[in-house]
Amino acid sequence: MAVVSLLLSFFLPILLSFSPALSTNSEGNALCALRSRLSDPTNVLQSWDPTLVNPCTWFHVTCDSNNHVVCLDLGNSNISGSLGPELGELKHLQYLELYKNNIVGKIPKELGNLGKLISMDLYGNKFQGKIPKSFANLKSLRFLRLNDNKLTGSIPRELTTLSGLTVFDISNNDLCGTIPVDGPFGTFPMESFANNNRLNGPELKGLVAYDFGC
Amino acid sequence: MKTAYLFLTYLSLLTLCLCSSIAATTEAEALIRWKSSLSSPAYLKSWSLNNISKHCKWIGIRCNDGGSVSGIDLPSADLVGTLDLFNFTALLNLTTFNLNGNTLNGSIPAAVGSLTRLTLLDLSNNLFVGAIPPEIGRLTELRYLSFSNNYMVGEIPYQIGNLRKVSFLDLGSNYFKTPDWSRFPTFPFLTHLNLYYNELTLEFPHFITTCLNLTFLDLSLNTFTGQIPESLITNLVKLQYLNLTTNAFQGPLSTNITNLSKLKDLRLANNFFSGNILDSVSHIQSLQTLELFNNSFIGEIPPSIGLVTNLQTLDLRMNSFNSSIPQELGLCNKLTYLALAQNSLSGPLPPSLSNLNNLTELGLSANSLTGEILRRFIKSWTKLISLQIQDNKFSGELPSEIGQLTNLKYLFLFNNSFSGPIPPEIGNLQNLLGLDLSTNNFSGEIPPTIGNLTNLQIINLFSNNLTGTIPPIGDLKSLETLDISSNRLSGELSPSISSLGNLTTLKLFGNNLSGSLPRDLGKNSPLLSNVSLSFNSFSGELPSELCSGFAIVELTATGNRFTGPLPECLKNCSGLSRVRLEGNQLSGDISEAFGIHPQFDFLSLSRNQFTGQLTPKWGLYQQLSNIQIDHNRISGVIPAEMGNLTQLRVLALDSNQFTGEIPAELGMLGELIALNLSNNALSGEIPQTVGQLTRLLRLDLSGNKLTGGIPAALGNCERLLSLSLRNNFISGSIPSQLGGLTSLQVLLDISNNSVSGTIPPSLGKLTSLEILNVSHNNLSGRIPAELSGMVSLITFDFSYNNLSGPIPTGGAFRGAPAEAFGGNTGLCGAAQGLTSCDANSPTRNRTKILAAIIGSVVSIVVLATTIAICLILRRNAKKDDQESKGSATYEYSESLIWERDGKLTFGELLLALMVTWHQS
C-alpha cells in the first residue's frame, strides 16, 4: 500500500503536468470550449472527441467540403450552461441552431464575427442581457430568432442595416425602447415584437428618443 | 556458620539461576513454537531446539542482564505467517518488538497487552488485518508505536490515550475510522504523529493542538474537513513537517502561520483552501518544501517569496494566482522543483530566473505567460530533466542552446506561439523521452538529427508550418507515438518508418505527403493501433500487413487516392473502433471485410467503389453510432437486423444499389438523427415506424421507387430539419400532420411523385422552412392562403400540379417568380408572370403571359371557341352554385368572361376557360 501511494505521490505531479493533446483545428477547439461550458445530461455531445482530425464527424456538427463547420444543430437538445466568446471562431458558420434549450447568460458579442451566418436561432432559452450591436456585422443573416428569452435593453438600431434579414423575432423578452422602421424592419409583422412590455413603437421619427422607456 | 551461610547463598543463587534458566527455556520454547507456525522461517535458522540454551544469540533476539528475552528485532526478515501462536505471556520482559516489513497477516492478538514493559512496538509494513486491540492501552511504557501500512480497520481505540510516554505514533496507511477524539488526552512527549491515508473524517482532532512537542504531523489522504484551528498555529511552534495534503480542509491560511518558524515542509495541496497566500508564508525562512497545489488560492505570488532562500520545492499548481512571476523568485536559487502550472499567471518570465541553476523540473504550463525563452535561461538551466511550458503564449525562436540541456527527458512546448526553425541541436538531447512542440508556428524542416534520439517515445510536432520531407527515423526503436499531422510536409514516407517496433500511434493527416505507403508498414509494428493518414495525396494500396498485429483501433485515411481492397487483417482487429476511409478509390467486396468488433463505433466508407452487400451480421455492432457507406456500389437489401443498432446516430446508405423494402425495424433506431437512403432502388411503402424516429433531424428517401402514401406518423418526427421524398412513386395526399413539423428549416421536398389532393393549410405553420418543393405532382385546389405564414421561405416550387385560384399574397409570395407556379392551369395573383386575379390591375404583366399562352395553344383555338359558347349556355346554372359564389377564383373567371365583353382577347378567353374547366 505504501509503495502504491509512494508511486502515486511521485508520478502524480508528472502526470498532472501533462495536458492532453487537443484538436489541431481552431474550430474544433472552439466547439470543445463550448462543450466545456455546457451541461449535457442526455449526452448529445458525446461524440465530440477533440483528438479527432476535425470536428466534421461529430454529431450535430456539419462541415462543408473544406472541412469547415457550417452548421451547428443543437436545437431542442436539453443542454444548459452558457455560451462563450470562442463561438466567434467558427468563421464559416451559416446555421447556429441552439433553440429550445436551457442556456443562460449573455449572448456573446463575438457572435457578430460570424460573417457567413444565415440563420441564428437562440429562441426558447434563458438568455439575459442585451442584443449585441455586433450583430449588425452579420451581413448574410436572413433569420434571427431571439424570442422567448429574458433579453433586456433596446433593439440595436444598427440592425436596420441588415438588408437581407427576412425573419426577425424578439417576442417574449423584456426589451424596451422603440421598434425601428428602417430597412428590413419595415416588413416585420408586429407579432415579432409581441410581449415586450416596455417596447414602444413603431418608431416615431423625431418625436421620442429611440431608447424611450429604457 | 560461615559454611552454612555460604551454602545458603549458593543454594539461593542456584535456585535463582535455575529459575531464570527455566524461564529462559520457556521463552526459547515459545519462540520456537511461533517459528514453527511460520510458513517461511528461513531467516530464523539459528532458532533451533539444539541451540536452545544460546537463544540470546539467536538472530534478532536480545536478552537483558538476567538472560531473559528483552528484544525481538526482526525487520524485513521475510517472515510469513501470523501472531496467533506467539506466546506473549511467555515473553513478559520484552521492551522492544519490531516486525517491520514482513509478510505477517491475521489480526493482532489482545495478549499483546501483557507486554507492559514494551517501549517500542513496530508492526508496520505487514498485512495485518482487524482492529487495534484496546489492550494496547496497557502498554504505558511505549515510546514508539507503529502499525503503519497494514490492512487494519475499525476506530482508533481511545485507550491509545493511556500511552502518555509515546513520542512516535504512526497509524498511517490503514483503514482506520474516526474515533471520538475528545477521549484523546494530550501526549506531552509526542514529536511524530502520522495518521496519513486512513478513512478519517470530521474536523481537525483537537488533541493534536495540545501536543506541544510535535515536530512531524501528517494527516494527508483522509477526508478531514473544516478550517485549520488557529491553536495549531499558536501552539505547535516546534513543527518542522506539516502535511495536510488531500483532505477537504477549507478557509484561508492564517496570517499567524509565521509562528511555525521552524517549518521545513509545508504541504497543503489538494484541499479547498482559499484566499491569498500572503507574505506570511514567506517569513518562514526555514521552508524547503512548499506545496499548495490544487486549492483555490488567489491573488499574487508574493514577491517576498524571494526571502525563502532555502526553498527547494515550490508547487503552486492548479490555483488561481493571477499575477506575473515575481522577479524575486530568482533569489531562491536552491530550487530544484518549480511548478506553477494551471494558474492565471501572465507577463514574461523575469530574467532573474536564470539564477535558478539547480532546477531539475520546471512546469509553467496552462497559464498566459508571454515573451521569449531567453538564451540565458537555457544556458543556466542545464540540470533540467523536465521543461514543461505548454499551453501559454510564449513566442520567439527556440534558442539553439537547447541542445545543452542534455539531462532533459521531457521537452513540452506545445500550444504556444513559438516560431522559426526547430534547432538541429535538439538531436543532442540523448536522454529525451518526450518531445512535444505541437501547435506552434515552427517552420522549416524537421531536423534530421531527431533520428539520433534513440530513447524517444513520443514525437508530437503536429499543427506547425513544417515543410520538407520526413527524415529517416528508423533508429528510434523506443518510439511509440509519431504525430506530425497538420503541417505542410511533402514527399514519400521513408521506408524506415516500417521498422519502428514499438509504434502504437502514427498520425500523418493534413500534410502534402504522397506516393505509396511502404509495403511492409505495420509488419514490424505489432502494437500499431492508431493510424491516421487522412487528407494527404497518398496513392496505391493500403499495406496488407498494416494491421498484422491485429491491434488497430482507429484507421483513418479520408481524402487520399488509395486504391485496392481493405487490408484483410482488419477483420481480426477485435478492438476496432473507428474506420474512416471516405473519398478514396478503394474497391472490393465489403460483405466479409469486417469481423467481430465489440467496440466498433464509427464507420465511414463514403465515396469509394466498394461492392458487396450488408449482411445480417451488421446487427451485431451494437456500439456503432455512425454508418456512412454512401456513394459506393453496394447492392442487396438493407438487413432488418440493422434495427438492433440502437446507438446509431447517422445511417447514410445513399447512392448505392440497394433494393427491396425499407425494413420497418429501422424504426427501432431511436437515437437516429440522420437517415439517408436516397438514390437507390428501394421499393414498397415508407414504413409507418418512421414515426418512431423522434430524434431525427434529416430524412432523405428521395430517388427510389417507393410507393404508397406519405405516412401521417412522420408528423411525430418533431425535430426534423430537412425532409425529402422527391423522385419516388408516392401517391395519396399530403398528411396535414406535416404541418406539425415546426422545426423544418432546411427543406421539405415531395416533388416528382404522384401526390394528389389539396395542400393542407397546416403547412403554413412551418415558419422556419426555407425551401418548399411540391412540384410535379397531382395536387389540386388552391394554394392555402395560410402558406403566407411561412415567413422564412426563400424558395418554393408549386409548378406542374393542378393547382388553381389566387396564390397567397403575403410574405415570400410577394414578387414570387413565375417558374414557381408554371404548369398549373388555374393560378392567378400578383406574382411575376401570373394573371392578376383583380380585373383592375395593370395589364402589362398579364399581356406578357398571355402572349406566351397564345403561342403555345394556338392549335386548340378553335376548340376553345366552341367550348366558350357552351359555357355561355351554362352560365345560369353556375350562378346558383353556392360554392362557386364564395370563390374569388370563380368570380374572377366569370368577370373576365362576362364583364369585359367587347374587350375580351382570345387569349384571355382561353385562360378563363381553362380555369373554369378545372373547377368543374
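So you know, we letter chains A, B, ... as the sequences are listed, proteins then strands, and number each from 1. Predicted model only: the values in this text are computed from it and were never measured. Atoms considered below: every heavy atom in the structure, side chains included; atoms not considered: hydrogens, waters and symmetry mates.
- Only the side chain of B/S532 comes within contact range of chain A, with at least one heavy atom under 4.5 Å from a heavy atom of that chain.
- In this structure, B/K507 and A/T51 approach most closely via the heavy-atom pair NZ-O, 3.6 Å.
- Interface remark: A/T62 contributes side-chain atoms only to the contact with chain B (heavy atom separation under 4.5 Å).
- Neither the backbone nor the side chain of B/R695 comes within contact range of chain A, judged by heavy atoms closer than 4.5 Å.
- What you find for A/Y123 and B/S768 is that their closest heavy atoms are OH-OG, 4.5 Å.
- Of the N and O atoms on the side chains of B/R578 and A/T57, at least one donor lies less than 3.5 Å from an acceptor on the other residue.
- The heavy-atom pair separating B/T767 from A/R145 by the smallest distance is O-NH1, 3.4 Å.
- By the 6.0 Å contact criterion, NZ on A/K130 is open, its count of non-hydrogen atoms from other residues, nucleotides or ligands being 12 or less.
- Side-chain contact between B/F535 and A/N67 is present, with heavy atoms from C-beta onward closer than 4.5 Å.
- With a 4.5 angstrom heavy-atom cutoff, A/D121 touches chain B only via side-chain atoms.
- Contact annotation for B/E770: only side-chain heavy atoms (C-beta onward) come within less than 4.5 Å of a heavy atom of chain A.
- By the 6.0 Å contact criterion, NZ on A/K106 is open, its count of non-hydrogen atoms from other residues, nucleotides or ligands being 12 or less.
- The two residues B/S625 and A/F59 have their closest heavy-atom pair at O-CZ, 3.2 Å.
- Interface remark: of the candidates B/T556, B/I794, B/N294, B/I794 forms the most heavy-atom pairs closer than 4.5 Å to chain A.
- Only the side chain of B/Q745 comes within contact range of chain A, judged by heavy atoms closer than 4.5 Å.
- Counting heavy-atom pairs under 4.5 Å between each of B/T558, B/I673, B/T246 and chain A puts B/I673 at the top.
- For B/R267, no part lies near chain A; criterion is any non-hydrogen pair under 4.5 Å.
- Between atom CZ of residue B/R649 and atom CD of residue A/Q46 there is a gap of 6.0 Å, rounded to the nearest 0.5 Å.
- Within the 4.5 Å cutoff, side-chain heavy atoms of B/L721 are placed close to those of A/D73.
- Side-chain N or O atoms of B/R719 include one that pairs as donor or acceptor with a backbone N or O of A/N76 at under 3.5 Å.
- Proximity of A/Y99 to B/S743: side-chain heavy atoms (C-beta onward) are separated by under 4.5 Å at one or more points.
- Rounding to the nearest 0.5 Å gives a distance of 7.5 Å between OG1 of B/T439 and CG of A/N29.
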